[in-house]
Each structure stands twice: as structure tokens, then as C-alpha cells.
Amino acid sequence: MHILAKANLIEAIERLVKEFKVLVPMQYDGVSRFSVWGSHGMQAFNASNTLLPPKDSLFPRTETLYAYQVANQEITGVTVRDQAEHQIIFGIRPCDMQSIHCLDDVFLTKGYADSYYHSKREKLLTVCIGCTKSEPTCFCESMGINPAGHSGADIQMNDLGSGYRVVAQSQSGQEIVEKWKDLLSQGQEEVVAASCTLKVDMNGVPEMLATLFEHSLWQEVSRKCIGCGTCTYLCPTCHCFDMDIQNQGNQGTRFRCWDSCMFSDYSRMAGGHDPRPSKSERLRNRFLHKLQFFSERYGKSLCVGCGRCLIKCPVHVDITLLIDQVRKEAAHV
Amino acid sequence: MSDNCYANELVPAIAKVFKIVDETPDIKTFFVSLPDGTKPFTPQPGQLGMVSLLHIGEAMFSVTAQGETHLEFAIKKCGLLTDALHEIKPGQMIGVRGPYGNGFPIERCLGKDLLFIGGGIGLAPVRSLITYCLGQRDDFGTLDIIYGARSIADLCFKEDLFSNWPRHERTKVHVTVDQGDPDCSCHIGFVPAFLEKINPDPQDKMVILCGPPIMIKFCLEVLTKIGYQDEQIITTLEMRMKCGIGKCGRCNIGSKFVCLDGPVFSMADLKNLPGEF
Amino acid sequence: MNAIQIKMREVAGQLLSLGEVDRVIGWEKGRFAHQSPPAFITDETKVERLIWDEYCLTGTAKYLLDDPYRAGKTGLFARGCDARAINRLIQDGQVKRENIVIIGICCTGMSDSVSRQMAAKCCDCTHPTPVVYDLMIGEPVKPVAKPERFKAVAELEQKAAQEKSEYWTRQFAKCIRCYACRNICPACNCRECFADQYRVGWLGKQHHTAENQVFGLTRAYHIADRCIECGECARVCPVGIPLMELNRKLIKDIQQLFGDYHAGVDSETAPPLGRYSLDDMEEFM
């Protein structure tokens, strides 16, 4: 197997920065996220997962769609903004890798390919590092994800202690590995993979949820929810967006930005009608989207078990407890 | 500037509003063509179009009608964008993109008698199908159109209701208003009660039902009572939409998106979905 | 089992069984040892769910706003911070005192769920004993002045304007606009927040530093004289923005301009910015 000594990691990354914007896990000002190589902060290759998910590299928090000019209330021009650069997410974890697969389903399938996402996705390379330790809040295994790695990454790496095992899993991954040729050594070492201590039983949960739409558990679970967007903004798969405009004199831009289904104006229509008027309907919609609706539509779970919402929900609304409760209630139905 | 025409699926084509018709005190129909005189897109009856004033906002509307070179949108004044649209004058440019959604299942209506039930602005989506059926008159059985509005002044498409449509063979228009002078020419009363009075035979019939939620609710009760099956009833739904292409997330009902899988659903479809609309 | 927890369950059971309240709001155990989220109990047989430990961090009072028109009375477990929050809501006309049975708990402070040290918000607590209550559990503790809670503000004040600006710009660059700070805050009780009035256009929905700052600073100003210093905003911020430094700067300024004032200590004394006096300082006008 190819082994990249840890001493060579920096050189390996440096070789990519000419061609790619290289994003690596960094800790800065108390927040860990994928930041451009060389920016402020401490590299966090050894930490288990970044607080902020990597989705913004494909689906930015705010993204200009087009600019327009207006004169005397008349539109005089429209310019489309859609520029993508070659990016590498270096050090993505298997759960987040799976989240990109979910986003691919949303943005690239079912009749329409979103061109803003598509142009970025085409120029994205992923280097996945398997997990050797799990946090108490990690439950990716229960969501069918292997903590050791993800077959969808262009390059799969595994921490062996003094170095990383390197496996190219795609043509573009192979091209990167070629560039590292002189940095790699050959060897045989055993790959250690983490095992999650937190486990939930997802077997049959989508079908169970289909029978519990009107159940009182949603009222109960949502009581403590404060209706903030923490879970949705830290979630690697949440992808709802709003579209709005910003006018400046005779010109303006139309942008899209992250939105949260937990917010009260999310589905309120002009005229005032809201099909999800209170937090219990909104929380139910969010959990059902994660665990039932997405699997009905795309054949996979929209929860990847990364545990970010478990860590940061201000009032500990916990999707794993919800799954346990669903199993319990479904047994009574 | 139509060189940007559909640069991508989220960018509107810039089109000209060449005619505006006042339907009621708060509903206007906008006639829209591209600057080169062509039609922005060719929708199926019941499909949707995103209409925008670029510096104000964008919203989804059903395409009420189309000609060889233009689209028509009947739009009720009820929010930021629609208020502004009601202020524009013929000649102004707006943004349009589409078509979106599934449209009416025409193949399921072929050879059948059709019953259209509309309330208020709810006639707008239905009108595209009525026009289609009248254009292909021999493909369909009898057409009955039941339509109601708050008052005579609030009736949309009066020329169609009272002049164009009734002229066609095997086509009847039944109009009711919630309130009116005793000597007014149409029936006075709510649509569901009017429907019960007309008591249309369910045999070999499809129903296209569109209007405010409360009207739909009570009409469904009447239809069930008369003996209609869920599979015979088709309706259109409205949800808040942003992208129109099934990505932005907010128009979901269960695992369906109104912008892609709707807006047209049969009652049988809706019974299999959460009642969140 | 600790004495407070035993008493909590006993009192909750009594109130529910006698029908004096139809629900109580306290805390229960979450999945992990360091999680004690709020609990809502309507059934006297379920009072065993109630717990009292060092991780009962979440404020209880704000939940009174979730259904302001509910018919029944609520039994609310309240520490010093929660009691001040109740006064806040009463004074702001959001809840009626007669609809709440306040079960005061003399609190000795909670632990941070990550560091396991005394939580920052509790280190700065001046009123550990509830200032308003119907029943009381535990031994009352005197209010403490804690002038050191303004230390971080005083240090910031020493910095040059440019440095201060850079500091706060960096902080708000982190903001993800989840609105957890606002939603948890008992002083943020507007029926419709300016930040949600997109159609009016106070604030753009874009996620970027400038809009984040407009939100954060406007919110701070709006609660300037009404902040009860519960510290919940800073606790719930997922990206660790030191929001209490901002609030304390305004509290400090208000104390300098209008004299000693502690929001929510009673429900009668009007907040300084909500009253007018001929003696008010005019230097800033």
C-alpha cells in the first residue's frame, strides 16, 4: 500500500495549492471548519469532525445568482454570475462525504441540475480521512456509513500513526497521487477504524414514521425546541435556501442564501397562510425530511450521523432519542 | 436584453408585458411576450411560471392562458410583488421563467365528461384546461363549469364566462356569487351549496376543483356525498416556492414537491400525503 | 439523590395533583450525563422525570411565551436568573403573574457541559436566589455585587477604536445567523422580531459579516436596559461569540448614565430607557 509519512503531509498539500483551492480542517477563534490552506488558525487533521460542515464549498451560505440593472423601473441588463474554481476538500470525514452524496441527489437529479452547484461539484476533489476515534455523539455506523472510509471520495486516506495509507479511488484521485509519487513509500500496515459507541436502530424507521405523522410525540419533542437554526446550519445535509435581492441604486443582485425550516417565516405565504404554523409542525417536517421523506424520494437517509446537532442544540433536542422513541411508539400503534 | 434567455434554470428571461386587463378590482391579467415577439415558453395546461420584477421579487403563478406568441398570467393583488405588479403599465419588462410542475393529466380526461369547479382566483389555473378542451372539443364529453366569487365585480374572465364559453356545444357555465342584488342575473350562494343543487352525475366524469381551501373542503364533502371517487377529483395546490425546480425545499408535502410533482394532484394522491398544505 | 431534586418532585406532584397548576416546567436528563434539557410535565405520575444537577443550564421562563393564551396555570421552577426573566416578561406585558406558580430554587451555579468547570454565566451571577417566588426550595443566598463581571468590558474599552472594530468584526464574521441568542433570550420578546421583517428590509437575509453585525448590534441595543444577565445568549451561541461582553458594555454605560439599575430584580421599576426624568443626563444628545 502507498503510505504518506505525516512529515510529508505539508509538502503533499503544498503541491496542490497552485492548481486548487485546498480546504483543510482548521480551528480558529473557537470554531473549526474547512478553511483555505494557509489561512489563520490551527490545522485540525487529528480532531474528529469540524463544527461547521463542508457543504458551503459547494453550496455557499450566500451566493450571487445574477446581477441586474434597472433604469426608470425598466430592466436594462442581466448578468449571470457562476464562477467555480478547482477545489479540494482535504480531510473530509466519511459522514461528511456521505452528505455530499445527499447534496448531489438534491442538486443534480430529478429533472433539473442546479448549474451553480454543478459547476462547483465538477471541479471538486475530495480527500477523505477515515476516523480512528469516535466522539460520544458519533453514530454514522447506524446510518450505514463506514467510519474507515467512503468509496465516493477521490482519495481515501487512513491514519496509521506515523503516516497515512493513500488509496486513489477515481481517475482524478489517481492524478493527484501521481504528483505525490516521490513522497510515498510502500508498506503493509493494519488500518484501524473507529467504532461508534452511540448506536440507533434505523431498521424500518422510515416506514414506522409514515404511521406516526399525527402522533402526539411531535408535540412532546418540540416543546423544548426554541426554533433556532442551529441544527439546520450545522447539519452537513440541510440544504434549504431562500432567494432574495439586494438593490443598490440602479443595480442589484439576486442571491440565494441558507435558510432554515425551523424559522417561522419559512413556509408562510403571501396572504398569511402557513401550512406549518407552529414549532411542532416545523420540527416534525425537519425530522421526517431527514429520516423518511428523503429516503422515499432518493433512497437514502438524510441524516449521516455526524452528531453536530446533538452537540450544539441549545436544549438537547436529540435525533437519536427521537429514533428510539419512534421505535417505541411504533410498537404500540 | 433577451440574450440571457434561460442562461440557467434560476435566471429569468426578460419579457415585455404588452397588455394588461383588469379582471376584478384586485385581479389583473398580464399578457407577456419576449422582446422578439415570441412566447417565453410553452406550458401544458396547469403548469406554472415564475414571474418577477427583478428589483422587487419573484413568485410562482399558474399560466392562465397562452397564444401563439404570448403567455397570460391572472394575478391577484396580495403581497409585496403582486402589489407592485398591479402598478406596472403595458410596455414594462418583467422576468419570467418556466414552465414548472406537472400540469393537468389530460390523458385521464380524454373522452370523459368534465366538471370544472372554481372559486375566485382559482379559475386561473382551471382556465388553461378549459381553453385546451374547447380547442380539442371532440376529445371530451360534456363540459360543466361551476364558478363562484364574492360578488359580480369579483368574477374573473367575464367575457369567457358569459359569452365565449357558453357558445360552445355541450358546454354549460353555472355562475354563483356569495352576495348580490336580488335582481342580479346569476345565482346567489356559496359554491358548495350551488354544487349540491346542480347535483352533477358522477358517471364517467372527472372533476377539476380549484379555489380557496375552505371552498375545496366543503366541495369535497358534497362531491363525496354525490358519489364521486377520489380518483375522479383533481385539484391544484399552492405552497410557498423559491426555486421552482425542487431544490430549495420549502414547498414539500411529505416527500413530494409542489413545484415539481404538483401543483396538480388527484384527491387519491393527496390522501397518501400528510395533510400539510 | 439530592435534596433539591427530592423536593422538586414532591412540590411538582402536589401542585399537579391538587390541580393548582396543569403543567410544570423544570429539567430532565438528556442522553448524555452533561445534558439536562428542559422538561414539561403535565401528569403527576411523571414527576420522577424531573432532575436537579449541575447541568440544568437552560432558562425556563421564556417557554411561557410559547402559548401565551393557554388557560391553565404553569408551575415554573426558577433559579435566580429565571426569576429575573419572569419579572422581565411580566414587566414587558408578556405574561401575567397570576398564571404562574413560581417554585424558587436557590442555585449555587451550574457547570459548563464541555469544560465541566463552573459555567461562565453562573460565575457572573449576582442573584443566585430567586427575586420572586411562591414557594422556595433550598437555603437563600445573598445577592453578590460581582463587579469583576465588567472586567472584560473594561479591558476592551482600553483598546483603540480600530482594534475594537476588528475584534467585533471578527466575532460577527463567525455568526451563522441561527438566532439561538434571540430565541433563548427572555428580553427578546417582541411578537415579531425586526430581523424577521424581511419585507420591511431592516436586515438582509444574506449571511455575511455586515448583516450579521446589524443583527447582533441591533439586538444588543434593543435589550440594553432590559438584559437580565442570564448569559443564555452566550451559552447557546454555537460559534462562541462573547455576546455578554456586548450586553455588559451597554449595562455598564447605562449604569454610568442613569445610576445603578438591575433589570428584572423587580417588575415595577421601569428600565432607564423606558422612563423619562428631567434629571436625565443630556451629554450624549
Side-chain angles (χ1 to χ4, degrees), chain A residues 65-66 68-70 73-80 82 106-107 109-119 210 213-214 238-245 247 250-252 254 256 259 261 265-276 281 284-285 288-289 292-298, chain B residues 1-5 7-15 52-59 76 78-84 87-89 91-95 100 212-213 237-257 260-261 272-277:
Chain A
L65 302 174
Y66 53 88
Y68 51 83
Q69 289 85 46
V70 185
Q73 302 296 301
E74 286 288 339
I75 302 144
T76 56
V78 174
T79 328
V80 177
D82 189 7
V106 172
F107 285 104
T109 72
K110 301 281 174 194
Y112 293 92
D114 179 291
S115 62
Y116 299 90
Y117 181 92
H118 187 238
S119 57
F213 190 80
E214 304 288 355
C238 269
H239 55 266
C240 288
F241 60 85
D242 197 355
M243 290 164 70
D244 206 347
I245 49 166
N247 288 319
N250 289 331
Q251 46 195 343
R254 187 160 184 82
R256 69 172 166 200
D259 200 0
C261 60
D265 75 315
Y266 175 75
S267 51
R268 194 189 301 146
M269 288 191 270
H273 175 68
D274 190 341
R276 292 187 271 272
E281 289 104 15
R284 175 176 63 188
N285 186 58
L288 292 183
H289 191 200
Q292 180 199 341
F293 301 157
F294 197 83
S295 66
E296 287 172 359
R297 196 168 178 89
Y298 298 103
Chain B
M1 299 282 289
S2 63
D3 57 345
N4 70 304
C5 190
N8 69 52
E9 55 297 319
L10 295 179
V11 181
I14 303 306
S52 51
L53 284 170
L54 265 62
H55 58 299
I56 293 181
E58 191 174 56
K76 185 180 164 117
C78 68
L80 192 68
L81 172 69
T82 53
D83 286 356
E87 296 300 313
I88 69 170
K89 300 279 176 289
Q92 181 160 342
M93 306 300 243
I94 63 168
Y100 299 118
L237 294 182
E238 239 192 325
M239 285 284 264
R240 191 163 176 210
M241 296 175 192
K242 287 285 175 177
C243 71
I245 57 173
K247 316 295 185 200
C248 80
R250 73 194 63 224
C251 71
N252 80 299
I253 298 171
S255 60
K256 302 287 181 198
F257 286 98
L260 275 187
D261 309 308
N272 288 322
L273 291 174
E276 242 177 19
F277 43 84

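Chain letters run A, B, ... following the sequence lines, proteins first, then strands; residues in each count from 1. Since we're looking at a predicted model, the values are computed, not measured.
- Ranked by heavy-atom pairs shorter than 4.5 Å toward chain A, the options B:G246, B:A59, B:G79, B:C78 are led by B:C78.
- We find that B:R250 and A:D259 are joined by a salt bridge, their nearest charged nitrogen and carboxylate oxygen being less than 4.0 Å apart.
- Only the side chain of B:D261 comes within contact range of chain A, judged by heavy atoms closer than 4.5 Å.
- For A:E214, no part lies near chain B; criterion is any non-hydrogen pair under 4.5 Å.
- For A:A210, no part sits under 4.5 Å from any heavy atom of chain B, backbone or side chain.
- A donor-acceptor contact under 3.5 angstrom links the side chains of B:E9 and A:S115, judged on distance only.
- Interface remark: of the candidates B:G249, B:G254, B:G91, B:G254 forms the most heavy-atom pairs closer than 4.5 Å to chain A.
- Pairing each heavy atom of B:A84 with each of B:L53, the nearest pair is CB-CD1, 3.7 Å.
- Annotation: maximal heavy-atom pairing with chain B below 4.5 Å, among A:N285, A:T79, A:L288, occurs at A:N285.
- With contacts defined as side-chain heavy-atom distances shorter than 4.5 Å, the pair A:Y68/B:I14 does not qualify.
- Interface residue A:D242: backbone and side-chain heavy atoms are both found under 4.5 Å from chain B.
- Heavy atoms closer than 4.5 Å to chain B are found in the backbone of A:T109, but not in its side chain.
- Between the B:Y100 side chain and the B:G244 main chain, no donor and acceptor come within less than 3.5 Å of each other.
- A donor-acceptor contact shorter than 3.5 Å is absent between the side chain of A:K110 and the backbone of B:L260.
- With a 4.5 Å cut-off on non-hydrogen atoms, B:I94 touches chain A through its backbone but not through its side chain.
- Both the backbone and the side chain of A:Y266 come within less than 4.5 Å of a heavy atom in chain B.
- For A:D265, the parts lying near chain B are the backbone and the side chain together; criterion is any non-hydrogen pair under 4.5 Å.
- Under a 3.5 Å cut-off, the side chain of A:R254 and the backbone N or O of A:L65 do not form any donor-acceptor pair.
- Using a 4.5 Å cut-off between heavy atoms, B:I56 touches chain A through its backbone atoms (N, CA, C, O) alone.
- Qualifying ring pair (Phe, Tyr, Trp, His ring centres under 6.0 Å) partners for A:Y66, counting only residues two or more places apart in sequence or in other chains: none.
- By the 4.5 Å heavy-atom criterion applied to side chains, A:Y116 and A:V80 are counted as neighbours.
- The contact between B:C243 and chain A is made by backbone and side chain atoms together, counting heavy-atom distances below 4.5 Å.
- For the set B:K242, B:Q92, B:K247, B:E238, the entry with the most heavy-atom pairs within less than 4.5 Å of chain A is B:K247.
- Listed by chain and number, the residues in a ring pair (Phe, Tyr, Trp, His ring centres under 6.0 Å) with A:Y117 are A:F107 (sequence neighbours excluded).
- For A:V70, the part sitting under 4.5 Å from any heavy atom of chain B is the side chain, from C-beta outward, and nothing else.
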